[in-house]
Number of protein chains: 2
Amino acid sequence: MEFEKLADILKALADPTRLKILSLLRTRDCCVCELVPIFNISQPAISKHVSRLKTAELVRETRKGQWVFYSINEKRLDEIGYALSNLPDLSEELRKLEQQGLTVRCE
Amino acid sequence: MEFEKLADILKALADPTRLKILSLLRTRDCCVCELVPIFNISQPAISKHVSRLKTAELVRETRKGQWVFYSINEKRLDEIGYALSNLPDLSEELRKLEQQGLTVRCE
DNA sequence: TATGTAAATAACAATATAGTTATATGGTTT
DNA sequence: AAACCATATAACTATATTGTTATTTACATA
């Protein structure tokens, strides 16, 4: 996965409230009004958090009547774990650096 | 791992420059002066990025003469992958919510 | 000791993030 | 249609992030 894209998804993950939301969704799907009393923040704040998670495709939404239920996208979470342990290989970039004489040798 | 702590480490990861630095360090240890020509940013900017990674224990530093070499802490990276797929269980929290009658049923 | 190079820190500016309250939108129900 | 409830969006504020240039610190060497 590209650095920019991976960084964007990691930014969506890098917040304790959003991590906790994901954790709750692992137990079961929730709607915004269920999440609000769990956190000490307003409804719009929760709404923006889930929206951020949705943009990163970490959750999906399903409207049921007046409620919007959010569910976790476990696949996406696995993808991130995989991407972290398989970052793009940049050995070629370092080889170029060596050709330009910009590397440091100090043994 | 606690949400707060995990979020802090994810914040350290959630930047394309820092991800690329980690990726480079996977090939071999580098010092700041080697990283600078690879990125279009100043030496202090690179210095702050590696410092951020160090605080998150994603890299370690070793001084060799006038250079400071940074190496990746692969173990830490694995820890994050593990933590993401094993977020704290909050089913108890949801059970409390149900007792308070704050859950939504809509089938 | 004086000079040079590498890296870190300080002070600052621009932008992004995460919260607030007020309001709009979507769907339900009387 | 009117009232109601859940959610999203708008406008705004405070703080965090990420970069800059200038300076300091650490080490090596002429």
Side-chain angles (χ1 to χ4, degrees), chain A residues 3-4 7-22 24-25 29-56 58-71 97 101-107, chain B residues 3-4 7-22 24-25 29-56 58-71 97 101-107:
Chain A
F3 294 119
E4 287 283 355
D8 278 349
I9 303 169
L10 287 169
K11 268 180 205 162
L13 281 170
D15 176 274
T17 301
R18 289 194 290 270
L19 285 174
K20 192 169 179 184
I21 290 174
L22 283 179
L24 289 160
L25 295 183
D29 297 358
C30 291
C31 53
V32 171
C33 68
E34 288 178 307
L35 295 173
V36 170
I38 296 176
F39 300 89
N40 265 340
I41 56 176
S42 65
Q43 172 269 317
I46 295 288
S47 187
K48 277 198 285 183
H49 279 303
V50 292
S51 164
R52 184 94 202 254
L53 290 171
K54 201 183 78 175
T55 301
L58 287 159
V59 303
R60 299 187 201 286
E61 67 171 41
T62 317
R63 182 172 274 275
K64 286 192 188 173
Q66 55 188 333
W67 300 281
V68 177
F69 279 79
Y70 288 91
S71 56
L97 204 68
L102 290 168
T103 52
V104 170
R105 291 272 162 266
C106 61
E107 356 287 333
Chain B
F3 294 118
E4 287 284 354
D8 278 349
I9 302 169
L10 288 170
K11 267 179 207 163
L13 282 170
D15 177 274
T17 301
R18 290 194 290 271
L19 286 174
K20 192 169 179 183
I21 290 174
L22 283 178
L24 288 160
L25 295 183
D29 298 359
C30 292
C31 53
V32 171
C33 68
E34 287 178 307
L35 295 173
V36 170
I38 297 177
F39 299 89
N40 265 340
I41 56 175
S42 64
Q43 172 269 318
I46 295 288
S47 187
K48 277 198 284 184
H49 279 304
V50 291
S51 165
R52 184 93 202 256
L53 290 170
K54 203 183 77 175
T55 301
L58 287 158
V59 304
R60 299 187 201 287
E61 66 171 43
T62 317
R63 183 172 273 277
K64 286 192 187 173
Q66 59 190 142
W67 300 282
V68 177
F69 279 80
Y70 287 91
S71 56
L97 203 68
L102 290 170
T103 51
V104 169
R105 290 274 161 264
C106 61
E107 359 285 333

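Letters go in sequence order (proteins before strands), and every chain restarts at 1.
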Take atom [atom1] of [X] and atom [atom2] of [N], then tell me their distance rounded to the nearest Å.
| X | N | atom1 | atom2 | answer |
| --- | --- | --- | --- | --- |
| B:Ile46 | C:dT9 | CD1 | P | 16 Å |
| A:Lys54 | D:dT7 | NZ | C1' | 11 Å |
| B:Glu4 | D:dA16 | CD | P | 12 Å |
| A:Arg52 | D:dT7 | CZ | C1' | 19 Å |
| B:Lys64 | D:dA26 | NZ | C1' | 18 Å |
| A:Leu19 | C:dT17 | CG | C1' | 15 Å |
| B:Asp29 | C:dA6 | CG | C1' | 17 Å |
| A:Leu10 | C:dT17 | CG | C1' | 16 Å |

Let me see the working for B:Val32 and B:Val68 under side chain to side chain contact (heavy atoms under 4.5 Å, CB included), right down to the final yes or no. CA-CA 7 Å; B:Val32 171; B:Val68 177; 5.7 Å; no

Which atom names give the shortest non-hydrogen contact between B:Ala7 and A:Ala14, and what distance separates them?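 Shortest heavy-atom contact: O-CB, 3.9 Å.
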
Taken to the nearest 0.5 Å, the spacing of A:Ile38 CD1 from A:Leu24 CG works out to 4.5 Å

When you measure from the side chain of A:Arg18 to the backbone N and O of A:Lys11, does any donor-acceptor pair fall under 3.5 Å? yes

Establish whether the base of C:dT5 is bridged to the side chain of B:Gln66 by a donor-acceptor pair shorter than 3.5 Å. yes

Give a yes/no on whether any side-chain N or O of A:Tyr70 is located under 4.0 angstrom from OP1 or OP2 of D:dA8.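 Yes, A:Tyr70 has a side-chain N/O under 4.0 Å of OP1/OP2 on D:dA8.
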
Looking at C:dA7, I'd like to know if its phosphate oxygens (OP1 or OP2) sit under 4.0 Å from a side-chain N or O belonging to B:Arg63.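 Looking at the OP1 and OP2 atoms of C:dA7, neither is under 4.0 Å from any side-chain N or O of B:Arg63.
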
Just do the side chain to side chain contact (heavy atoms under 4.5 Å, CB included) check on A:Ser71 and A:Leu25 with the steps written out, would you? CA-CA 6 Å; A:Ser71 56; A:Leu25 295 183; over 6 Å; no

Which is it for B:Leu10 and A:Leu19 under the side chain to side chain contact (heavy atoms under 4.5 Å, CB included) test, yes or no, and what are the steps along the way? CA-CA 10 Å; B:Leu10 288 170; A:Leu19 285 174; 4.0 Å; yes

On DNA chain D, more 5' by nearest nucleotide between A:Cys31 and A:Lys11 is A:Cys31

The criterion is side-chain hydrogen bond (donor to acceptor under 3.5 Å, both in side chains); which residues satisfy it with B:Lys54, sequence neighbours excluded?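 B:Lys54 satisfies side-chain hydrogen bond (donor to acceptor under 3.5 Å, both in side chains) with B:Glu61 once adjacent residues are dropped.
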
If you assign each of A:Gly65 and B:Val50 to its closest nucleotide in DNA chain C, which residue comes earlier from the 5' end?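 Of the two residues, B:Val50 wins.
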
Nearest to the side chain of B:Val32, heavy atoms from C-beta on, is which of C:dG26, C:dA18, C:dA8? C:dA8

Listed pairs, N/O of protein and of nucleotides 19-23 of chain D, under 3.5 Å:
{"unit_1": "D:dG19", "atom_1": "OP2", "unit_2": "B:His49", "atom_2": "NE2", "d": "2.2"}
{"unit_1": "D:dG19", "atom_1": "N7", "unit_2": "B:Lys48", "atom_2": "NZ", "d": "3.1"}
{"unit_1": "D:dG19", "atom_1": "O6", "unit_2": "B:Lys48", "atom_2": "NZ", "d": "2.9"}
{"unit_1": "D:dT20", "atom_1": "OP1", "unit_2": "B:Ser42", "atom_2": "N", "d": "3.4"}
{"unit_1": "D:dT20", "atom_1": "OP2", "unit_2": "B:Ser42", "atom_2": "N", "d": "3.0"}
{"unit_1": "D:dT20", "atom_1": "OP2", "unit_2": "B:Ser42", "atom_2": "OG", "d": "2.5"}
{"unit_1": "D:dT20", "atom_1": "O4", "unit_2": "B:Lys48", "atom_2": "NZ", "d": "3.4"}

